[in-house]
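Basis for what follows: all heavy atoms, side chains included, without hydrogens, waters or symmetry-related copies.
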Amino acid sequence: MDLNIQEISQIIKSRLDNYEFKVDSDEVGLVLESADAIARIGGLPNAMIGEMIEFPDRKYGIVFNLEHDELVVIILGKKTDVKAGTWAKCTGRIMEVPVGDALLGRVVNAIGEPIDGRGPVTITKHRPVEAKVPGVIDRLPVDQPLQTGYKVVDGLIPIGRGQRELIIGDRQTGKTTLAIDTIINQKHTGVICIYVAIGKKSSSIVEVQDILTRNGAMDYTIIVDASADDPASMQFLAPFSGTAMAEEFMNEQHKDVLIIYDDLTKHANAYRMISLLLKRPPGREAYPGDVFYLHSRLLERSARLSQELGGGSITSLPIIETQKGDISTYVPTNVISITDGQIFLQSDLFNAGFKPAINAGISVSRVGGKAQIEAIRKLSGKLRLQLARFKEKESFTAFASELDEETQKELKRGRILVEILKQDKHIPMPVEEQVVSVYLAVSDILEDMDVASVREIESKVLTKLRADHKELLAAIKDSQKFSKESEEQLVPVIKAILTQYSTQKG
Ligand code: ATP
Ligand code: MG
C-alpha cells in the first residue's frame, strides 16, 4: 500500500504519543573481591548456578557457588583482570558458546573465540555448555564402526559410533597420536571431528594442527584449545564447550561426530584447583568429591540418537595419563567405570618398538564385534585366539633352554603376528587393506619367512594389490565380507611376492 507523507507522520506521531518510558530493571552487582580468576560478587540475589555473568569490556564469568549474600564466579578469558569495585551483571543465560559449520577448520578457545589468527568467525547460533543428555529410549544401540585405521584397534578393540572408549597410558606412549590418527582416518566418512586440548603447551597444539592440516583433516575438524597458560576456569570449561559444538552437529544436522578430550587428567586437575581456591573440602587425593559426577555428566553426552530423533551420534575418546602404569588412582578408576572400554598403552611396549604400544590382552571394547564389518570380525576371532596363545607360550618358555620344534614354530608364528600389528603413525589403513594384513598374520602363509621381513612383505603385497588388483580390494570394501573367492584370488598374489622376495634375498 502506498502512504503519503502526512499519513506516515500521523502514524509516527500516534506511536510516540502512546510510548511508555520504561527502565530495564537489570540487576547490577559489585565485585567485592577478585583474585586467581575467581571473583566474589555482592548485590545479585537472583543469580543462578551456572549462569553467565557479564563484567565491563565484554568479560564473562560463570556462577560457581551461591553463598549467603555473595556469589562466587569463575572468570573466563585470557584477561582475568576483573578488579574489585567494578560492576557485574546477570545475563539470565546459562553459559553458552558459538556453534555451527563456521567453526570447522578453526582453532578456538574455551569460549569459542578464534585464536588461530585467521580473523573472526561469523556465528549466528549459540548453545549452552551444559545440556540434558538423551534418555535411554532416545538412544540406539551402538553397531556402526568408527574405524581408527589401526589394525590392532579395529581388529581387536573395535569402536562403534556413539561409544565412549578411553585411551589410557603413561606420558609419551602414543595417546595423542592414536587419537589424531583416528581423526585423519575419518576423511571421506562424513564424520565431524572435535579435538579438545586441555592444559597442553601451545607448541603441541600447533603441532597437532599442523599434522591435521598436512593430512587434509582440518576441513572437518574443530580444535578447542585451553592451554596450560589459560586460567583453570578455561581448562575446566573446554570439554563442555567442545561437546556443545558436537551436539549441534548431532542434534540439528544429524551427523556423526568424534570428540577427543586430551586429557581428562589435566581437566580434573583444573577442577581441583578451582575447588581448592573456593575452599571446597578436598576429598580423595585432594580432588573434590564430585569429580566423578563432573566426568560422567560430560561423557553421558556421547550417544547415538534414535531414528525418531533423526539419527546422528557423538563418539568420544577421552584420554587419561597415568603414572608408572598405575590405573588404580582416583581419576583413572572413575573414568574407567564411566566409559565403554579402554585402550591401554604401555611404556615398555613403546620402548621395545611395539607401536602403537597397545596391550591388546587387557584392552577391551564392551561394544565389541557388533561394530565391526563381517570380514574383520571373522578374522579377528582367530587373531585374538592366536595372540592369547602366543602370549601364554611366550611367558611359559621364557626361561626354557630347549624347545621342541612344534613350540618353536608356534612362537615364531606369534612373533609374525605381533610384527604385523605394528603400524607407523599418521598412515591409517582402510579397512579392506586391514583385512589383507590380518589375513597375512593369522593364515600361516608367512610361516617360512623371517620375522624381520614380514612388514616389508606386507607392504609389498598391499602395493601390488593397490596397483594391479583394485577389484579385489573393492570387492572386500563393498561387500564388507572376505569371501572364499577373495581368498582364492589373494593367495596367488601373496605367493608370487614371497617367491620373488626369497629369490631376491637368496
Ligand atoms: P604425552 O604424554 O606427552 O601427551 P602421548 O602419550 O600423547 O604423550 P604422543 O605424543 O602421541 O604420546 O607420542 C609420543 C611420541 O611417539 C611422538 O613423538 C610420536 O610421534 C611417537 N609415536 C606415537 N605413535 C607412534 C607410531 N605408531 N609410530 C611411530 N611413532 C609414534
Ligand atoms: Mg599427548
Side-chain angles (χ1 to χ4, degrees), residues 52 58 60 62 76-78 93-131 146 161 176 179-180 182-200 202 204-227 230 233-262 267 298 301-303 305 310 312-318:
M52 210 155 93
R58 301 184 61 78
Y60 293 95
I62 308 174
L76 301 165
K78 262 256 189 277
R93 283 176 299 160
I94 291 291
M95 181 65 208
E96 47 186 37
V97 286
V99 294
D101 286 346
L103 292 167
L104 293 172
R106 304 299 301 263
V107 185
V108 297
N109 66 12
I111 49 176
E113 293 169 344
I115 48 170
D116 49 8
R118 291 178 40 220
V121 187
T122 323
I123 292 288
T124 48
K125 202 171 169 192
H126 290 73
R127 278 186 98 88
V129 294
E130 299 263 7
L146 186 126
R161 296 187 180 184
T176 301
I180 292 297
T182 307
I183 294 185
I184 295 174
N185 198 44
Q186 302 315 306
K187 193 148 68 182
H188 311 306
T189 62
V191 175
I192 301 281
C193 300
I194 300 176
Y195 175 79
V196 183
I198 307 158
K200 296 189 162 302
S202 301
S204 64
I205 301 307
V206 172
E207 203 183 309
V208 167
Q209 190 191 1
D210 186 52
I211 295 167
L212 291 177
T213 308
R214 270 190 282 127
N215 288 283
M218 258 330 264
D219 300 342
Y220 54 86
T221 302
I222 305 170
I223 297 181
V224 180
D225 175 22
S227 77
D230 283 319
S233 56
M234 294 290 261
Q235 296 182 37
F236 156 75
L237 186 65
F240 294 96
S241 306
T243 309
M245 292 168 195
E247 279 165 345
E248 175 70 12
F249 291 111
M250 173 175 78
N251 293 342
E252 309 303 325
Q253 301 188 13
H254 308 297
K255 287 190 174 155
D256 293 313
V257 187
L258 166 68
I259 185 162
I260 287 150
Y261 305 110
D262 191 1
H267 185 243
L298 176 71
R301 288 160 77 179
S302 305
L305 291 187
S313 68
I314 297 177
T315 310
S316 58
L317 298 179

- Query: With sequence neighbours left out, what residues match S302 under side chain to side chain donor-acceptor pair (under 3.5 Å)?
  - Reply: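 Counting only residues at least two positions away or on another chain, S302 forms a side chain to side chain donor-acceptor pair (under 3.5 Å) with S316.
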Measuring from atom [atom1] of [X] to atom [atom2] of [Y], what distance do you get when rounded to the nearest 0.5 angstrom?
{"X": "I183", "Y": "L317", "atom1": "CD1", "atom2": "CG", "result": "8.5 Å"}
{"X": "R106", "Y": "R118", "atom1": "CZ", "atom2": "CZ", "result": "4.5 Å"}
{"X": "L305", "Y": "I314", "atom1": "CG", "atom2": "CD1", "result": "8.0 Å"}
{"X": "Y195", "Y": "M218", "atom1": "OH", "atom2": "CE", "result": "11.5 Å"}
{"X": "N109", "Y": "I115", "atom1": "CG", "atom2": "CD1", "result": "5.5 Å"}
{"X": "C193", "Y": "D219", "atom1": "SG", "atom2": "CG", "result": "11.5 Å"}

Minimum heavy-atom distance between [X] and [Y], given as atom pair plus value:
{"X": "L103", "Y": "P98", "value": "CD1-O, 3.3 Å"}
{"X": "V196", "Y": "G242", "value": "CG2-CA, 4.2 Å"}
{"X": "A110", "Y": "V97", "value": "O-CG1, 3.7 Å"}
{"X": "T315", "Y": "R161", "value": "OG1-CA, 3.3 Å"}
{"X": "G216", "Y": "K187", "value": "O-CD, 3.6 Å"}
{"X": "A179", "Y": "I260", "value": "O-CD1, 3.5 Å"}

Just by distance, do the side chain of [X] and the backbone of [Y] share a donor-acceptor pair under 3.5 Å?
{"X": "S227", "Y": "S202", "result": "no"}
{"X": "N215", "Y": "A217", "result": "no"}
{"X": "D116", "Y": "V107", "result": "yes"}

Let me check something: any side-chain donor-acceptor pairs from residues 206-213 under 3.5 Å, sequence neighbours excluded? List them with distances.
{"from": "D210", "atom 1": "OD2", "to": "R214", "atom 2": "NE", "distance (Å)": "3.3"}
{"from": "D210", "atom 1": "OD2", "to": "R214", "atom 2": "NH2", "distance (Å)": "3.1"}
{"from": "T213", "atom 1": "OG1", "to": "Q209", "atom 2": "O", "distance (Å)": "2.6"}

Non-hydrogen side-chain atoms of [X] and [Y] separated by less than 4.5 Å:
{"X": "I198", "Y": "P239", "answer": "yes"}
{"X": "D225", "Y": "K200", "answer": "no"}
{"X": "I111", "Y": "M95", "answer": "yes"}
{"X": "Q253", "Y": "I192", "answer": "no"}
{"X": "N185", "Y": "L146", "answer": "no"}

- Among side-chain atoms of T189 and Y220, is any donor-acceptor pair under 3.5 angstrom?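 Note: T189 and Y220 side chains miss the donor-acceptor criterion.
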Which residues pass the salt bridge (Lys or Arg N to Asp or Glu O under 4.0 Å) test with [X], not counting sequence neighbours?
{"X": "E130", "answer": "R297"}
{"X": "R58", "answer": "none"}
{"X": "K255", "answer": "none"}

- Message: Does the plane of the ring in F236 sit parallel, tilted or perpendicular to the ring in H267? Use 30° and 60° as the thresholds.
- Response: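 Geometry flag for H267 against F236: parallel rings.
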- Could you check I222, V224, T243 and say which one makes a side chain to side chain contact (heavy atoms under 4.5 Å, CB included) with I259?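 That would be T243; it is the only one of I222, V224, T243 passing the side chain to side chain contact (heavy atoms under 4.5 Å, CB included) with I259.
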Can you give each donor-acceptor pair under 3.5 Å made by side-chain atoms of residues 244-251, sequence neighbours left out, with the distance rounded to 0.1 Å?
{"from": "E247", "atom 1": "OE1", "to": "R301", "atom 2": "NH2", "distance (Å)": "2.9"}
{"from": "E247", "atom 1": "OE2", "to": "R301", "atom 2": "NE", "distance (Å)": "2.8"}
{"from": "E248", "atom 1": "OE1", "to": "K125", "atom 2": "NZ", "distance (Å)": "3.2"}
{"from": "E248", "atom 1": "OE1", "to": "R127", "atom 2": "NH1", "distance (Å)": "2.8"}
{"from": "E248", "atom 1": "OE2", "to": "K125", "atom 2": "NZ", "distance (Å)": "3.1"}

